[in-house]
Amino acid sequence: MKVHIYGILRDYKRRRTMRMHMPGHKSNRRHFPLFKDAALDITELSFSDCLENPDGVIALAERDIASVLGAEKSHILTDGSSCGVFAMLYAVKCRGGKLVIARNSHKSVYNACAVLGIEPVVLKNNENNGILLPPGAADIESALKKEKDACAVLLTSPDYFGNIADYAAVRKICDRYGKMFLVDGAHGAYLRFDADAEGLYAGNYADIWVDGAHKTLPSLTQGAILNIGKAEFAADIEEGLDLFRTTSPSYPVMASVEYGVKYMQECGAELIDAVRSELVLLKAKLKKRGIGFYTESRTLVLAVDFGGMGISSQAAREELEKRNVYAEMDDGRYVLFYFSPLTPPREVAALDGKIRQVMRLKALKNTYEGQVGFVSGIKKFGYLTSRSVAYERVPLAQAAGRIAARNAGVTPPCYPVVLAGEQITPEAVEVLSSAKHTFGITGGTIPVMNIGGRT
């Protein structure tokens with residue numbers, strides 16, 4: 001495997017040079033002893049290329065990545081998938097001011113709309129056992145018929161729970177109406193290397209898509225890739241990246257993205273098959289024992305329905321942590337176990353016993369208090385309009401009936417419970433009040449519109 005970026009980092013480390021350049025740690029082992037690989041952390045030097053305008057090792061790495069992923073052009077990101085989302089939406093802004101999205105789009109989509117002045121047409125997701133589903137092609141077509149000035153469709157697919165949109169059907173709709181098709185595929189990078197995932201990789205259908213390398217590939221956190229399927233979008237994407245990404249990218253992160261893609265090209269199919277085989281066996285064991293889980297997932301995740309067993313998912317997660325099992329998240333009903341091709345298959349197999357240990361605990365019986373299905377506000381104003389008027393902060397407990405001036409939601413999974421412009425319902429207040437981590441809530445208060453007042 002030829003890894004261009006890591007190769008120059010390794011060679012520079014071996015040379016033991018006088019580091020009269022950034023970063024400030026200087027790879028000084030005496031004063032920076034906790035970070036043994038700091039010598040790989042460098043800046044733009046004569047030999048290390050520049051991510052903003054690459055023509056050396058970074059350009060070679062990006063060219064290789066594009067070839068592997070089937071893209072016209074691929075850009076390495078060190079700011080996470082969110083940076084790629086902002087750049088994608090900049091390309092949308094260059095072609096209009098309206099975008100069709102799913103309700104459970106990541107907060108970065110809504111943030112980009114706010115920054116760029118794009119009005120989102122928010123589709124209502126269907127629900128299955130308390131989990132939101134991707135919008136169907138018919139829903140998207142209806143929105144495009146009504147919102148004729150929308151210039152693009154953006155879907156978040158796969159999502160946390162492993163739901164994947166019908167890409168082929170959506171592609172046909174976008175072609176029929178002459179719209180861009182964008183995918184925030186942050187959770188699906190590994191699918192490119194899955195021999196049994198025909199039709200499940202966003203890059204086979206989208207005009208522009210984001211792969212969150214760090215989520216499912218052997219890459220460091222914040223490593224991602226923005227891919228362009230058609231050359232006509234390249235200039236706008238590059239301009240968008242120039243606006244939104246850091247001018248101090250992490251070279252270790254860049255190197256890990258290149259490595260992750262190339263390692264998966266060589267070994268991914270075998271690794272995926274091994275993990276999936278154990279996951280299929282695990283699901284069969286759980287089903288035999290009457291342990292519920294979300295059955296519609298099409299990725300390497302497992303959402304165990306502790307709520308269906310009368311057990312608080314938070315309590316179950318805490319008990320699992322006592323047994324050295326750290327899940328991705330719990331949402332009040334489900335505990336989500338997030339695997340990747342690099343998960344040791346033996347750990348997937350061992351999870352069966354850990355889950356059974358927890359479900360047998362008498363102290364957890366009847367701790368599930370029930371959960372309202374998916375809740376949202378009631379739209380009263382447009383998204384951009386609501387963000388442009390005066391607002392005030394009120395205690396969340398007193399917010400029911402008021403109109404949200406900003407989005408508020410639970411993290412993870414980082415999509416809004418209440419959108420700016422929506423009337424806040426009592427159910428939404430309950431969900432936001434009970435969540436451990438939220439966004440849009442500060443000091444127990446939420447911004448609401450104050451028409452005629454002052455900020």
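None of these values were measured; they are calculated from a predicted model.
The existence of a salt bridge linking Asp236 and Lys93 is excluded, since no basic side-chain nitrogen approaches an acidic carboxylate oxygen closer than 4.0 Å. Between Asp352 and Arg289 there is a salt bridge, with a side-chain nitrogen of the basic residue lying less than 4.0 Å from a carboxylate oxygen of the acidic one. With respect to Asp207 and Lys230, a salt bridge is recorded, a charged nitrogen being found less than 4.0 Å from a carboxylate O. Contact check on Glu270 versus Arg276 returns no salt bridge, with no Lys/Arg side-chain nitrogen under 4.0 Å from an Asp/Glu carboxylate oxygen. A salt bridge is absent between Asp41 and Lys13: the closest approach of a Lys/Arg side-chain nitrogen to an acidic carboxylate oxygen does not fall below 4.0 angstrom. Here Lys2 does not pair with Asp64 in a salt bridge; the nearest charged N to carboxylate O distance is not below 4.0 Å. Look at Arg176 and Glu141 and you find a salt bridge, because one of the NZ, NE, NH1 or NH2 atoms lies within 4.0 Å of a carboxylate O, short of that distance.
A distance of 11.5 Å separates OG of Ser157 from CG of Leu133, quoted to the nearest 0.5 Å. Note that CD of Glu430 is 8.0 Å distant from OG of Ser433, once rounded to the nearest 0.5 Å. For the atom pair NZ (Lys73) and CZ (Arg63), the distance works out to 7.5 Å, reported to the nearest 0.5 Å. Atom CE of residue Met88 and atom OG of residue Ser108 lie 8.0 Å apart, to the nearest 0.5 angstrom. Separation of atoms OG1 (Thr216) and CG (Leu300) is listed at 8.5 Å; rounding is to 0.5 Å.
With hydrogens and angles disregarded, a donor-acceptor distance shorter than 3.5 Å links the side chain of Thr367 to the backbone of Leu364. Side chain of Glu422 to backbone of Leu419: a donor-acceptor contact under 3.5 angstrom is found. Counting only distance, with no hydrogens or angles, the side chain of Glu62 and the backbone of Ile76 share a donor-acceptor pair below 3.5 Å. The backbone N or O of Val68 lies less than 3.5 Å from a partner atom in the side chain of Arg192, making a donor-acceptor pair. The closest donor-acceptor contact from the side chain of Ser340 to the backbone of Leu342 lies under 3.5 Å. The main-chain N or O of Gly229 is never found under 3.5 Å from a side-chain atom of Glu72 such that the two would form a donor-acceptor pair. A side-chain donor-acceptor contact under 3.5 Å links Ser250 to the backbone of Val253. Without hydrogens or angle criteria, Glu258 side chain to Ile65 main chain gives no donor-acceptor distance under 3.5 Å. Under a 3.5 Å cut-off, the side chain of Ser219 and the backbone N or O of Ser256 do form a donor-acceptor pair. The main-chain N or O of Tyr190 is never found under 3.5 Å from a side-chain atom of Tyr201 such that the two would form a donor-acceptor pair.
Ring pair Phe35/Phe32: centre-to-centre distance below 6.0 Å.
The aromatic rings of Phe181 and Tyr167 lie tilted to each other, with the angle between the two planes from 30° to 60°.
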Step by step, would you call His187 with Tyr160 a ring pair (Phe, Tyr, Trp, His ring centres under 6.0 Å)? CA-CA 7 Å; His187 294 278; Tyr160 260 107; 4.6 Å; yes
Using the salt bridge (charged side-chain N to carboxylate O under 4.0 Å, His left out) rule, take Glu266 and Lys262 through it: C-alpha gap first, then chi angles, then the decisive distance, then the call. CA-CA 6 Å; Glu266 290 188 1; Lys262 292 180 175 179; over 6 Å; no
Check the pair Glu119, Arg387 against salt bridge (charged side-chain N to carboxylate O under 4.0 Å, His left out), reporting the backbone distance first and the verdict last. CA-CA 11 Å; Glu119 185 68 42; Arg387 292 185 58 93; over 6 Å; no
Mind running salt bridge (charged side-chain N to carboxylate O under 4.0 Å, His left out) on Arg317 and Glu321 for me, showing each step along the way? CA-CA 6 Å; Arg317 178 179 53 78; Glu321 290 180 0; 3.2 Å; yes
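Taking 4.5 Å as the limit, every side-chain heavy atom of Val257 sits out of range of all side-chain heavy atoms of His214. Annotation: side chain of Ile101 is in contact with side chain of Val122 (closest heavy-atom distance under 4.5 Å). Contact check for Val183 versus Val210: no side-chain heavy atoms found under the 4.5 Å cut-off. Taking 4.5 Å as the limit, some side-chain heavy atom of Pro54 sits within range of a side-chain heavy atom of Asp49. Contact check for Tyr6 versus Tyr251: no side-chain heavy atoms found under the 4.5 Å cut-off. Taking the side chain as every heavy atom from C-beta outward, Ile291 and Met359 approach each other to under 4.5 Å. Put simply, the side chain of Ile164 reaches to within 4.5 Å of the side chain of Leu191, judged on heavy atoms. Glu296 has its side chain within reach of Asn128: a pair of non-hydrogen atoms, C-beta onward, lies under 4.5 Å apart.
A 6.0 Å sphere centred on CG of Asn366 holds no more than 12 heavy atoms belonging to other residues, nucleotides or ligands. Heavy atoms of other residues, nucleotides or ligands lying less than 6.0 angstrom from NZ of Lys365 number more than 12. Counted within 6.0 Å of OH on Tyr383, heavy atoms from surrounding residues, nucleotides or ligands total more than 12; the atom is thus considered enclosed.
When only modelled atom types and interatomic distance are considered, Asp166 and Tyr205 share no side-chain donor-acceptor pair under 3.5 Å. Under 3.5 Å, the side chains of Asp211 and Asn227 contain a donor-acceptor pair of N or O atoms.
In this structure, Lys107 forms a cation-pi arrangement with Phe439, its terminal cationic atom sitting closer than 6.0 Å to the ring centre and no more than 45° off the ring axis.
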